[in-house]
**Student:** 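One structure is given below, represented as structure tokens, and several questions about it will come after.
Keep in mind the model is a prediction, meaning the values are calculated, not measured. Both counts, for ligands and for their atoms, begin at 1 and track the order of listing.
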Amino acid sequence: MVELVAPTQRYKISFLSAVREAQAAATGLGDTLNWNVDELEADFGKLLNNLRRYEPGNKLPEGFVYSESRWLVDGNDYLGRISIRYSLNERLREFGGHIGYEIRPSARRQGNGTLALKLALERTRELGIKRVLVTCDADNLGSRRVIEANKGELEGEFQLECYDRPIRRYWITV
Ligand SMILES: CC(C)(COP(=O)(O)OP(=O)(O)OC[C@H]1O[C@@H](n2cnc3c(N)ncnc32)[C@H](O)[C@@H]1OP(=O)(O)O)[C@@H](O)C(=O)NCCC(=O)NCCS
């Protein structure tokens, strides 16, 4: 069963293979490309702690909002990740929004991105977030489809000063 879970050691082997896969393919955007596999292998607990560092109960650095990371998994298999920001600050309102997601290359184009956002929206409902902002690059056709399949309503397409490509902002009422 594909589900959204809190990151744990259970997915270490599969997560490491996903990082290697993303780095070999180098097709994705997203954080997976930036992790160092040797460091993760040596101390996976450090990654897990890092992923929890902006959850409620922690002291937030200036300008940060509470957020959580969840992984899309099937049994022991890591398929992708989402992050949910509990609120928006000025920067996230402009670009970033409430939810970010990334599917590992070998699990793409099988409906996993659409499912990941659907499950993330269920979580935002639990968190009491009623209008969810999701943003993407205007040329990220896969992400646009994922958002539109989840009833995203387009606010518009914008060229930001700090970013070289136009972006799209969508709102989803949950
Ligand atoms: C964007 C991303 C999440 C899509 O994930 P996915 O698992 O492939 O999504 P789905 O399988 O649910 O596809 C949804 C739709 O988009 C289409 N699609 C997916 N990738 C596409 C692409 N590269 N180009 C065109 N269409 C694409 C699918 O065919 C599907 O079409 P349908 O609605 O007609 O069925 C994934 O490509 C990814 O992780 N990319 C890197 C990180 C990223 O861009 N994150 C989003 C930041 S806003």
Side-chain angles (χ1 to χ4, degrees), residues 1-5 7 11 14-37 40 47 50-51 54 65 67-124 129 131-174:
M1 184 179 82
V2 180
E3 56 187 336
L4 216 49
V5 298
Y11 310 102
S14 182
F15 182 83
L16 289 178
S17 90
V19 175
R20 288 195 189 91
E21 182 184 292
Q23 292 176 350
T27 52
L29 310 163
D31 288 352
T32 307
L33 291 175
N34 302 326
W35 277 308
N36 178 309
V37 180
L40 290 178
L47 168 77
N50 264 333
L51 293 176
Y54 304 132
V65 300
S67 66
E68 66 181 32
S69 294
R70 291 290 179 267
W71 285 352
L72 189 75
V73 299
D74 186 1
N76 291 330
D77 294 334
Y78 169 89
L79 300 177
R81 60 182 195 89
I82 62 145
S83 50
I84 300 179
R85 272 76 70 169
Y86 290 13
S87 58
L88 300 176
N89 56 22
E90 216 173 289
R91 186 178 55 86
L92 290 167
R93 170 66 182 82
E94 200 170 41
F95 186 45
H98 287 99
I99 301 177
Y101 42 85
E102 180 189 8
I103 301 298
R104 66 183 293 177
S106 62
R108 289 180 192 167
R109 304 196 84 145
Q110 298 158 43
N112 287 314
T114 303
L115 178 61
L117 181 56
K118 178 173 177 278
L119 296 174
L121 289 166
E122 288 174 10
R123 179 69 183 133
T124 57
I129 307 167
R131 283 192 81 224
V132 176
L133 177 66
V134 188
T135 71
C136 67
D137 288 359
D139 64 4
N140 191 338
L141 297 183
S143 193
R144 281 168 53 166
R145 300 289 285 261
V146 163
I147 302 167
E148 286 162 13
N150 279 285
K151 302 198 170 59
E153 286 176 28
L154 185 66
E155 177 185 311
E157 209 165 289
F158 305 91
Q159 182 62 60
L160 309 178
E161 272 178 26
C162 57
Y163 198 63
D164 60 351
R165 275 168 291 177
I167 60 122
R168 285 184 156 215
R169 282 189 208 124
Y170 291 89
W171 291 93
I172 303 171
T173 306
V174 290

**Student:** Looking just at side-chain N and O atoms, do Arg168 and Ser143 make a donor-acceptor pair shorter than 3.5 Å?
**Tutor:**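 Distance-only check fails for Arg168 and Ser143.
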
**Student:** Identify, by atom number and element, the atoms of ligand 1 in contact range of Gly111, meaning under 4.0 Å from any of its heavy atoms.
**Tutor:**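 Near Gly111, meaning under 4.0 Å from one of its heavy atoms, ligand 1 has 10 (P), 11 (O), 12 (O).
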
**Student:** For Thr114, counting its heavy atoms only, list the atoms of ligand 1 lying under 4.0 Å from any of them.
**Tutor:** 10 (P), 12 (O), 14 (C)

**Student:** Could you tell me if Asn150 and Tyr170 have a donor-acceptor pair between their side chains, going purely by distance under 3.5 Å?
**Tutor:** no

**Student:** Which of the listed options, Gly113, Gly142, Ser143, holds the heavy atom that is closest to atom 9 (O) of ligand 1?
**Tutor:**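 Nearest option to atom 9 (O) of ligand 1, by heavy atoms: Gly113.
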
**Student:** Is Thr135 near ligand 1, meaning one of its heavy atoms is under 4.0 Å from it?
**Tutor:** yes

**Student:** For the aromatic rings, using the six-membered ring if either is Trp, is the centroid distance between Tyr78 and Tyr11 under 6.0 Å?
**Tutor:** no

**Student:** Identify, by atom number and element, the atoms of ligand 1 in contact range of Cys136, meaning under 4.0 Å from any of its heavy atoms.
**Tutor:** 48 (S)

**Student:** Hey, does Ala149 sit under 4.0 Å from ligand 1 if you only count heavy atoms?
**Tutor:**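 It does not, in that no heavy atom of Ala149 comes within the 4.0 Å cut-off of ligand 1.
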
**Student:** Using a strict 4.0 Å threshold on nitrogen-to-oxygen distance, state whether Arg93 and Glu155 make a salt bridge.
**Tutor:** yes

**Student:** Of the listed options (Arg145, Arg109, Glu102, Arg108), which comes nearest to atom 24 (N) of ligand 1 when hydrogens are ignored and any heavy atom counts?
**Tutor:**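 It is Arg109 whose heavy atom sits nearest to atom 24 (N) of ligand 1.
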
**Student:** Going by distance alone, is a donor N or O of one side chain under 3.5 Å from an acceptor N or O of the other, for Ser83 and Arg81?
**Tutor:** no

